[in-house]
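Take a look at the structure below.
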Amino acid sequence: MAEQPGLWEQNDLLGLLASGLQQSSPQGGDPEPARSLAAAPLQSSGARTQERQPPAASPASEPEAIDSGNPESPPAPSGLPQPAPQPIALPSLAPLARRSGPHAPGRILILDTETTGLSPEQGVCIEVGAVLFDVGSRAVLQQLSFLLPCQANPAEGINGIPAAVTRLPQPTEAALALFGALVAAADAVVAHHAAFDRQWFGHGALPALAIPWICSMEDIRWPAELQLRANPSLRDLALAHGVPVWAAHRALTDCDYLVHVFQRCAQLEALLVAAQEPRELYRARLSYSERHLAREAGFRWNEPVAGAWSRRLSKREAEALSFPVLPVERDGLAEAMAS
């Protein structure tokens with residue numbers, strides 16, 4: 001590499017593990033599978049979001065056409081520059097907040113986890129951080145962080161939690177009881193990359209959470225003027241709101257970044273209302289030469305649908321796109337998504 005990654009990038013568990021998986025994967029991929037360019041409300045839906053940008057690959061690693069109906073469409077010449085990304089605006093959120101229907105949650109539980117692996121099949125959750133936050137007053141009501149014991153922590157270099165420390169005597173039962181009380185006091189859970197954090201609850205000592213989840217990375221459509229990528233990292237989200245980033249990958253620290261972001265967000269209620277819109281997975285119907293349109297709109301190549309650009313969208317967001325999309329379930333790709 002031309003330069004060393006920053007501290008945050010060095011501490012990115014998903015980036016470290018996924019890079020190894022990419023090298024061993026037999027499947028081809030798009031040159032930029034994890035990059036969602038441009039910052040617009042629509043262009044925003046674990047370990048953590050990848051901070052490193054993957055090296056460019058040859059266009060030969062992509063299919064020549066994606067649902068174009070013309071399998072002989074030639075790939076774009078590799079020497080030509082790709083079109084610059086342009087923001088794709090969604091309808092205003094202000095009218096949405098005034099409609100009858102879902103309301104912004106009054107209190108949210110901002111939550112984060114630290115783990116020894118990427119899934120419950122590969123590891124265990126060893127830390128939970130939670131902040132009970134009042135949306136109307138933008139105030140922290142209570143906060144909690146506790147450890148859960150583990151025998152080994154392969155991710156110690158990422159989260160800085162020695163396995164021996166997790167086994168020190170501590171009031172774990174009392175912490176779990178307080179955590180349950182915080183969940184009961186909240187209208188929704190908010191996490192950055194909620195799909196990652198949610199999977200740990202209902203396993204081991206952690207209870208299953210029955211209240212709604214909101215993902216601050218995929219569900220909240222951050223204003224275009226913040227100039228964020230689609231699906232922004234927590235670091236980028238914090239810096240865009242003027243929140244200094246002083247550390248990474250301890251659960252309560254990451255929760256605190258979201259607290260400061262929400263305290264600076266004048267549109268928070270409207271964003272939370274829009275984040276609760278029902279969403280389903282869509283795939284883009286674009287030729288190879290038009291693939292930049294999907295990338296700019298926050299679609300991801302090969303994830304979670306193999307061989308396609310896909311993204312979770314509400315019906316309103318899908319109708320606002322300038323290119324055709326199909327719901328994955330109706331497009332016969334459910335098996336591909338699960339594979």
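Quick caveat, the model's predicted, so the values are computed rather than measured.
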Using salt bridge (charged side-chain N to carboxylate O under 4.0 Å, His left out), reason through Arg312 and Glu280 one step at a time and then give a plain yes or no.
CA-CA 5 Å; Arg312 290 179 63 246; Glu280 59 181 317; over 6 Å; no

Between [atom1] of [X] and [atom2] of [Y], what distance do you get to the nearest 0.5 Å?
| X | Y | atom1 | atom2 | result |
| --- | --- | --- | --- | --- |
| Ile110 | Asp256 | CD1 | CG | 9.0 Å |
| His193 | Thr113 | NE2 | OG1 | 11.0 Å |
| His249 | Asp254 | NE2 | CG | 6.5 Å |
| Arg229 | Leu237 | CZ | CG | 11.5 Å |
| Leu313 | Lys315 | CG | NZ | 13.5 Å |
| Phe146 | Ile126 | CZ | CD1 | 12.5 Å |

Leu272 vs His103, test: side chain to side chain contact (heavy atoms under 4.5 Å, CB included). Steps then yes/no.
CA-CA 8 Å; Leu272 292 175; His103 299 285; over 6 Å; no

Measuring only between side-chain heavy atoms, which start at C-beta, is [X] closer than 4.5 Å to [Y]?
| X | Y | answer |
| --- | --- | --- |
| Ile108 | Leu132 | no |
| Leu109 | Trp213 | no |
| Val305 | Tyr282 | no |
| Glu114 | Ile161 | yes |
| Val189 | Ile214 | no |
| Thr115 | Trp200 | yes |
| Leu111 | Phe201 | yes |
| Cys215 | Ile220 | no |

Can a donor-acceptor pair be found, under 3.5 Å and without considering hydrogens, that links the side chain of Gln170 to the backbone of Leu168?
yes

Thr166 side chain vs Cys150 backbone, donor-acceptor pair below 3.5 Å:
yes

What are the two closest heavy atoms between [X] and [Y], and how far apart are they?
| X | Y | result |
| --- | --- | --- |
| Ser216 | Val190 | CB-CG1, 4.2 Å |
| Ala284 | Phe323 | CB-CE1, 3.8 Å |
| Arg167 | Gln151 | NH1-O, 3.4 Å |
| His192 | Asp197 | O-OD2, 3.6 Å |
| Leu206 | Cys125 | CD1-SG, 3.8 Å |
| Ala251 | Gly129 | CB-N, 3.3 Å |

When you group the ILVMFWY residues by side-chain heavy-atom contacts below 4.5 Å and let the links chain together, are Leu147 and Leu178 in the same group?
no

Could you state whether Val165 and Leu144 fall into the same hydrophobic cluster, counting links through intermediate Ile, Leu, Val, Met, Phe, Trp or Tyr residues with side-chain heavy atoms under 4.5 angstrom apart?
no

Output yes when [X] and [Y] qualify as a salt bridge under the 4.0 Å nitrogen-oxygen rule, no when they do not.
| X | Y | answer |
| --- | --- | --- |
| Asp187 | Arg107 | no |
| Arg250 | Glu127 | yes |
| Arg138 | Glu269 | yes |

Results of side-chain contact (heavy atoms from CB on, under 4.5 Å) for Ser314 - residues two or more places apart only:
Glu277, Arg279, Arg316, Glu317

Pair Val128-Leu176, side chain to side chain contact (heavy atoms under 4.5 Å, CB included): steps then yes or no:
CA-CA 10 Å; Val128 174; Leu176 285 168; over 6 Å; no

With a 6.0 Å cut-off on ring centres, are Tyr257 and Phe262 close enough?
no

For [X] and [Y], which I'm curious about, is there any donor-acceptor pair between the side chains at under 3.5 Å?
| X | Y | answer |
| --- | --- | --- |
| Asp134 | Ser137 | yes |
| Asn153 | Thr116 | no |
| Glu121 | Ser119 | yes |
| Ser287 | Ser289 | yes |

Could you go through Arg291 and Tyr288, starting from their C-alpha distance and side-chain angles, then the distance that decides it, and tell me whether this counts as side chain to side chain contact (heavy atoms under 4.5 Å, CB included)?
CA-CA 5 Å; Arg291 69 194 187 283; Tyr288 178 89; 3.3 Å; yes

Between Asp112 and Leu252, is the side chain to side chain contact (heavy atoms under 4.5 Å, CB included) condition met? List the steps.
CA-CA 7 Å; Asp112 187 63; Leu252 197 57; over 6 Å; no

For residues 223-244, which residue pairs pass the ring pair (Phe, Tyr, Trp, His ring centres under 6.0 Å) check, not counting sequence neighbours?
Trp222-His241

